[in-house]
2 protein chains.
Amino acid sequence: MRAEALKGHLDGLLLATLEDGPQHGYAVKEALCDATGGKLDLPTGTVYPALHRLERAGLIKGSWSVVGGRRRRTYELTEQGRRSLAGARDHWQEFAAVISAALGGGPWPATN
Amino acid sequence: MRAEALKGHLDGLLLATLEDGPQHGYAVKEALCDATGGKLDLPTGTVYPALHRLERAGLIKGSWSVVGGRRRRTYELTEQGRRSLAGARDHWQEFAAVISAALGGGPWPATN
DNA sequence: TCGCTACATGTAGCGTTACTACGTATTGGA
DNA sequence: TCCAATACGTAGTAACGCTACATGTAGCGA
C-alpha cells in the first residue's frame, strides 16, 4: 500500500504508535508495519522527517541514547501530542464517514 | 472539513458522483456537498482542475453545451472510469481498514 | 579478513495535488 | 443598478510523502 494517500493522516498513526510507551524511530516504523500486517511498510525517508516534524510541533519529545553500540533517538508523546492524537482519531472517524458516504458503493456504517 | 486530507481520494469521489449519470462541474461540486451534509464543500479551484485531470486520464469524457445562456461542460464516466471507480472503492476499503487498525483507539468495524 | 544483512539515523530534491486568489461571463432578484 | 448565484477557468503556492543517497555499527557466514 502506497502511503501517498496518507497525506494528513500519517501524523496520527505515528502518535498512536507512541501511545503505549516511548519508541525509537526505527521501532516505530516496524510497529506500524506489524500493526497493519505488513501493509503499511513506510520507507525511512518518510518516517524520520515526519518524526522531526512532530517534534518541532511539540507533539513528541526525543532524546538520544546508545543501545548496543548504536545511537538511538527515542521519542515519547508530550501532553500536547496526546491531545493531538485524540483529535486525530476524532478527525479520522469523521473523515472516514464522509468519504464512505460520498464514495458509496459499499455497505459502510456511516452511523456514528 | 478541509480537503487537504483528501490527497489521493478526491478522484474516486468525483467518479462516484458521476456514476448515476452525467453532470456538469458545478453540479458535481454541489452533489458532493449535499451527499456529505455540507461537510465537503470543495472550492471550485479544486474541482475543475481535478475534472480536467480525470478527463486527460481518460476516466471521464466532457462535452460542451449551453443551458439557460450559460455554457456548461458536462462530464460522463468512461468505461475506464467505471473500472477505476471500482478500484477506488476497493482501495478505500483497504485503506480505511489499515488506518483504523493502526490508529486504534476506537471500535471500528474492520470486518467487511 | 571480507562482504553481506539488519539495524539505525539522516538529508536533498522531486512530484503530486489540493489550496488560495484571482479573472471572466450570464441570469435574475433586491 | 448592484449583487448573489451560477458556471467555467488559470496561476502560483504549500504541504508532504517519495526516491535516492549518505553514514555508521553489529553480527554472521564464507
Side-chain angles (χ1 to χ4, degrees), chain A residues 1-15 17 22-34 39-57 59-60 62-75 88 95 98-99 102, chain B residues 1-15 17 22-34 38-57 59-60 62-75 88 91 95 98-99 102:
Chain A
M1 158 162 302
R2 316 308 310 304
E4 281 174 351
L6 280 178
K7 299 265 177 178
H9 303 292
L10 177 59
D11 292 6
L13 297 183
L14 296 175
L15 294 176
T17 306
Q23 298 265 20
H24 62 282
Y26 197 85
V28 166
K29 167 188 141 56
E30 293 289 288
L32 219 41
C33 187
D34 289 349
K39 285 179 184 162
L40 200 61
D41 193 7
L42 301 176
T44 63
T46 291
V47 174
Y48 290 118
L51 288 171
H52 298 163
R53 185 158 29 92
L54 291 175
E55 188 173 20
R56 274 200 308 277
L59 304 184
I60 61 178
S63 58
W64 284 108
S65 62
V66 175
V67 177
R70 289 192 189 91
R71 63 176 188 148
R72 279 183 179 171
R73 187 148 183 88
T74 302
Y75 294 100
F95 175 79
V98 163
I99 301 302
Chain B
M1 157 162 301
R2 314 308 311 303
E4 281 174 351
L6 280 180
K7 301 263 178 179
H9 304 292
L10 177 59
D11 292 6
L13 298 183
L14 296 176
L15 294 177
T17 306
Q23 297 264 21
H24 62 282
Y26 197 84
V28 167
K29 167 189 141 53
E30 294 289 288
L32 218 41
C33 187
D34 289 350
K39 285 178 183 161
L40 200 60
D41 193 8
L42 302 175
T44 64
T46 291
V47 174
Y48 291 120
L51 288 172
H52 298 163
R53 184 156 32 89
L54 291 175
E55 190 172 19
R56 274 200 308 276
L59 304 184
I60 61 178
S63 58
W64 285 107
S65 61
V66 175
V67 177
R70 287 192 188 90
R71 62 176 189 147
R72 279 182 178 172
R73 187 148 183 86
T74 301
Y75 294 100
H91 183 266
F95 175 78
V98 163
I99 301 302

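Predicted model, so just to flag it, every value in this text is computed and none were measured. Residue numbering restarts at 1 for every chain, and letters A, B, ... go by the order of the sequence lines.
By the side chain to side chain contact (heavy atoms under 4.5 Å, CB included) test, Ala27(A) is found to be paired with Gln23(A), His24(A), residues two or more places apart in sequence or in another chain being considered. For Arg72(B), there are no salt bridge (charged side-chain N to carboxylate O under 4.0 Å, His left out) partners two or more places apart in sequence or in a different chain. The side chain to side chain contact (heavy atoms under 4.5 Å, CB included) test applied to Arg70(A) returns no partner, not counting sequence neighbours.
Regarding His24(A), its NE2 atom lies at a distance of 13 Å from the C1' atom of dT25(D), rounded to whole Å. One interatomic measurement links the two molecules: CG of Asp11(B) to C1' of dA18(C), which rounds to 11 Å at whole-angstrom precision. One interatomic measurement links the two molecules: CG of Leu51(A) to C1' of dG10(C), which rounds to 12 Å at whole-angstrom precision. Atom CG in Leu54(B) sits roughly 9 Å away from atom P in dA18(C) (whole-Å rounding). Between the CG atom of Asp41(A) and the P atom of dC7(C) there is a distance of 12 Å, given to the nearest Å. When the C1' atom of dA5(D) is taken as reference, atom NZ of Lys29(B) falls 11 Å away, rounded to whole Å. Following rounding to the nearest Å, Arg73(A) (CZ) and dC7(C) (C1') show an atom-to-atom distance of 18 Å. Protein atom NE2 of His9(B) is 15 Å distant from nucleotide atom P of dC16(D), rounded to whole Å.
Without hydrogens or angle criteria, Lys29(A) side chain to Pro43(A) main chain gives no donor-acceptor distance under 3.5 Å. Lys39(B) places no side-chain N or O within 3.5 Å of a backbone atom of Val98(A) that could act as its donor or acceptor partner.
Applying side-chain contact (heavy atoms from CB on, under 4.5 Å) to Leu32(A) and the options Val47(A), Leu40(A), Asp41(A) leaves one that passes, Leu40(A).
Bending across the helix from dT1(C)-dA30(D) to dA30(C)-dT1(D), expressed as the angle between its end axes from five pairs apiece, amounts to 10° (10° rounding).
The side chain of His52(B) places an N or O atom within less than 4.0 Å of a non-bridging phosphate oxygen (OP1 or OP2) of dT10(D). Between Tyr48(B) and dC8(D) there is a side-chain polar atom (N or O) within less than 4.0 angstrom of OP1 or OP2. Put simply, Tyr26(B) has a side-chain N or O that comes within less than 4.0 Å of OP1 or OP2 on dT6(D).
Looking at the side chain of Arg53(B), the nearest of the listed nucleotides dA18(C), dG9(D), dG17(D) is dA18(C). Proximity note for Thr46(B) (side chain, C-beta onward) versus dT11(C), dA18(C), dG9(D): the nearest is dA18(C).
Atoms CD and CZ, on Glu55(A) and Arg53(A) in that order, are 13.0 Å from each other to the nearest 0.5 Å. Taking CG from Leu6(A) and CG from Leu13(A), the interatomic distance works out to 6.0 Å, rounded to the nearest 0.5 Å. Taken from CZ in Arg56(A) to CG in Leu51(A), the straight-line distance is 11.0 Å, to the nearest 0.5 Å.
Between Leu10(B) and Thr44(B), the residue anchored closer to the 5' end of DNA chain C is Leu10(B), taking for each the nucleotide with the nearest heavy atom. Judged by closest nucleotide on DNA chain D, Arg72(B) is the one of Arg72(B) and Pro49(A) placed further toward the 5' end. Between Glu30(A) and Val47(B), the one whose closest nucleotide on DNA chain C sits nearer the 5' end is Glu30(A).
For the pair Leu59(A) and Asp11(A), the minimum side-chain heavy-atom distance is 4.5 Å or more. Within the 4.5 Å cutoff, the side chain of Val67(A) has heavy atoms near those of the Ser65(A) side chain.
Among the protein residues, Gly45(B) comes within range of the nucleic acid bases, having at least one heavy atom under 4.0 Å from a base atom.
Contacts with DNA chain D (heavy atom under 4.0 Å) in residues 64-71 of chain A: Gly68(A), Gly69(A), Arg70(A), listed by number.
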Using the 3.5 Å cut-off, write out each protein N or O paired with an N or O of nucleotides 1-3 of chain D and the distance between them.
none

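Relative orientation of the Phe95(A) and His9(B) rings is perpendicular, given thresholds of 30° and 60° on the angle between their planes.
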